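The structure displayed is predicted, hence computed values, not measured ones. In what follows, chains are A, B, ... by sequence order, proteins preceding strands, each numbered from 1.
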Protein chains: 2
Amino acid sequence: MDTRAISPEPSPWLPFESRRRARDEKREAVLRTAVQLFLEQGYHRATLNGVAERLNITKPALYNYFRSKEDILFECWSIGQERVEDRISETDAMPGSGLLKLRNIVGTYAGIMASAFGASLVRFNVSDLSEPNRKVTLAGKRRIDRAFRGYIRQGIADGSIEPCDIKLTAFAILGALNWIGHWYKPDGDLTPDQIAEDFSVRLTAGLAKRPQKKKARKPA
Amino acid sequence: MDTRAISPEPSPWLPFESRRRARDEKREAVLRTAVQLFLEQGYHRATLNGVAERLNITKPALYNYFRSKEDILFECWSIGQERVEDRISETDAMPGSGLLKLRNIVGTYAGIMASAFGASLVRFNVSDLSEPNRKVTLAGKRRIDRAFRGYIRQGIADGSIEPCDIKLTAFAILGALNWIGHWYKPDGDLTPDQIAEDFSVRLTAGLAKRPQKKKARKPA
DNA sequence: ACTTTTTCTTACCCTTAGGTAATATATTCA
DNA sequence: TGAATATATTACCTAAGGGTAAGAAAAAGT
């Protein structure tokens, strides 16, 4: 769109903003390429030269956008984490039973795990991060744990979920979900949506409270 | 123990064997220390100097027992893999329904995952291995997948397991199990046995074939 | 067109850690 | 005790790769 023809007095801010945008686009391109390479080869075997090469630039150019390799790693993790936390916020604000919320987060989380930034949440090693960044990631992991446990706890309270060991249940569900980040391949025969739909049912089916017979035994 | 005083005619093989044993013990000590350090710090951040230091020796001494760092990594993986495959063989030979076999392997697998060599199956990066070794590990992972799917398939065939998507079911169960290798801490409040017992029920509860509604069999 | 700022490249530094050579020290065995 | 073997140490090499300095090239602003 050529704004000069429409607006005779272009704001001096526009070029600045467009420059900012271009910069951010390049930054994101670096992150996309980096996370891809980190996943393919592992963080340590992947080199910044390799990242730069894929972008048709040279290594030092990367340092216009990031302060260090670890910085890139941490940002990749942050993007994945933010996606998850956004969905958790949405789910928290959702009306409905704990079981419903759990089903919702399981499905969306599965979808995220099938993306590169999502997989980076479980494929990267926290000990490759600096102490401050490591603390941030560990706190993030705890928040995810807490969210899942919260939905289960709510479900038990509102009667939608059969009473169970909350901690182990959350571990089991999160394990099944996180494992997606290890086995999912974009060129496979399963789409993220299929996985999300299946897992949202599969991982919660055993938890739903069944209609009370005289003696309710084990959950389905 | 001074064998010379007891046996007047000592076989020339005995010293040799005892030396072999001592050697193997040292080898295993290296592996135990190495796997521990690899898990604590990650393969790349952990150094052979660090491994040697914990053993009160120096780095080159390690090369009396292993040809390279990668060699050590691969052996750690192999030990974990062997433990799993042993249990799979046992389970294969077991009598009983597919569901029973699945419960059995889930429990034992959970226990293995709560050990250092077991965790090494999921905490280490295949791309840190040489091409031949990587092929071996990938083949190993496939064998585990195949075993789990086999039990599920058998269970469906013999009527102990409700028909389901075999592949996704196996992924979900293996994910929950493998995740143990990431969260289990020996100093936590859960013992491997507790986890094994819980998971063997938890991860299979949703699969068991329920009494058919047609026949209206009320639970006693 | 000229200046300034941003972005990128070439050339380089330098630490780290895996691996090796030469050699010393135990240990075994006769 | 002395030769042979096994095992460990000291000292060193070397490649790889993260990171930096100086300056060229491109873009923006005037």
What integer distance in Å separates A:Glu70:CD from D:dG18:P? 13 Å
Nearest-Å distance, CG (B:Leu62) to C1' (C:dT20)? 14 Å
For A:Arg153, give me all partners under side-chain contact (heavy atoms from CB on, under 4.5 Å), at least two apart in sequence or on another chain. A:Ile166
Using 30° and 60° as the class limits, which term best fits the ring planes of B:Trp77 and B:Phe74: parallel, tilted or perpendicular? parallel
Shortest non-hydrogen contact from [X] to [Y]?
X: B:Phe117; Y: B:Cys76; value: CD2-O, 3.7 Å
X: A:Ala29; Y: A:Leu55; value: O-CD2, 3.9 Å
X: A:His182; Y: A:Val122; value: CE1-O, 3.8 Å

Is the distance between the ring centroids of A:Phe171 and B:Trp183 less than 6.0 Å? yes
Dump every N/O contact between nucleotides 3-8 of chain D and the protein below 3.5 Å, one line per pair.
{"from": "D:dT7", "atom 1": "OP2", "to": "B:Arg23", "atom 2": "NH1", "distance (Å)": "2.9"}
{"from": "D:dA8", "atom 1": "OP1", "to": "B:Lys26", "atom 2": "NZ", "distance (Å)": "3.2"}
{"from": "D:dA8", "atom 1": "OP2", "to": "B:Tyr65", "atom 2": "OH", "distance (Å)": "2.7"}
{"from": "D:dA8", "atom 1": "N7", "to": "B:Asn64", "atom 2": "ND2", "distance (Å)": "3.3"}

Nucleic acid contacts - residues 28-40 of chain B versus DNA chain D, non-hydrogen atoms under 4.0 Å: none
Please list, pair by pair, any protein nitrogen or oxygen found under 3.5 Å from a nitrogen or oxygen in nucleotides 16-18 of chain C.
{"from": "C:dG18", "atom 1": "OP1", "to": "B:Lys69", "atom 2": "NZ", "distance (Å)": "2.8"}
{"from": "C:dG18", "atom 1": "OP2", "to": "B:Leu48", "atom 2": "N", "distance (Å)": "3.0"}
{"from": "C:dG18", "atom 1": "N7", "to": "B:Lys59", "atom 2": "NZ", "distance (Å)": "2.7"}

Given A:Arg146, A:Arg142, A:Arg143, the one that forms salt bridge (charged side-chain N to carboxylate O under 4.0 Å, His left out) with A:Glu85: A:Arg143
Does some side-chain heavy atom of A:Phe148 sit less than 4.5 Å from a side-chain heavy atom of A:Leu177? yes
Would you tabulate the side-chain donor-acceptor contacts of residues 34-51 of chain A under 3.5 Å, counting partners in other chains and residues two or more places apart, or write 'none'?
{"from": "A:Glu40", "atom 1": "OE1", "to": "A:Arg54", "atom 2": "NH2", "distance (Å)": "2.7"}
{"from": "A:Glu40", "atom 1": "OE2", "to": "A:Arg54", "atom 2": "NH1", "distance (Å)": "3.3"}
{"from": "A:Tyr43", "atom 1": "OH", "to": "A:Glu70", "atom 2": "N", "distance (Å)": "3.3"}
{"from": "A:His44", "atom 1": "NE2", "to": "A:Asp128", "atom 2": "OD1", "distance (Å)": "3.4"}
{"from": "A:Arg45", "atom 1": "NE", "to": "B:Ser127", "atom 2": "O", "distance (Å)": "3.1"}
{"from": "A:Thr47", "atom 1": "OG1", "to": "A:Gly50", "atom 2": "N", "distance (Å)": "2.9"}

Output side-chain donor-acceptor pairs under 3.5 Å for residues 56-66 of chain A, partner residues at least two apart or in another chain, one line each.
none

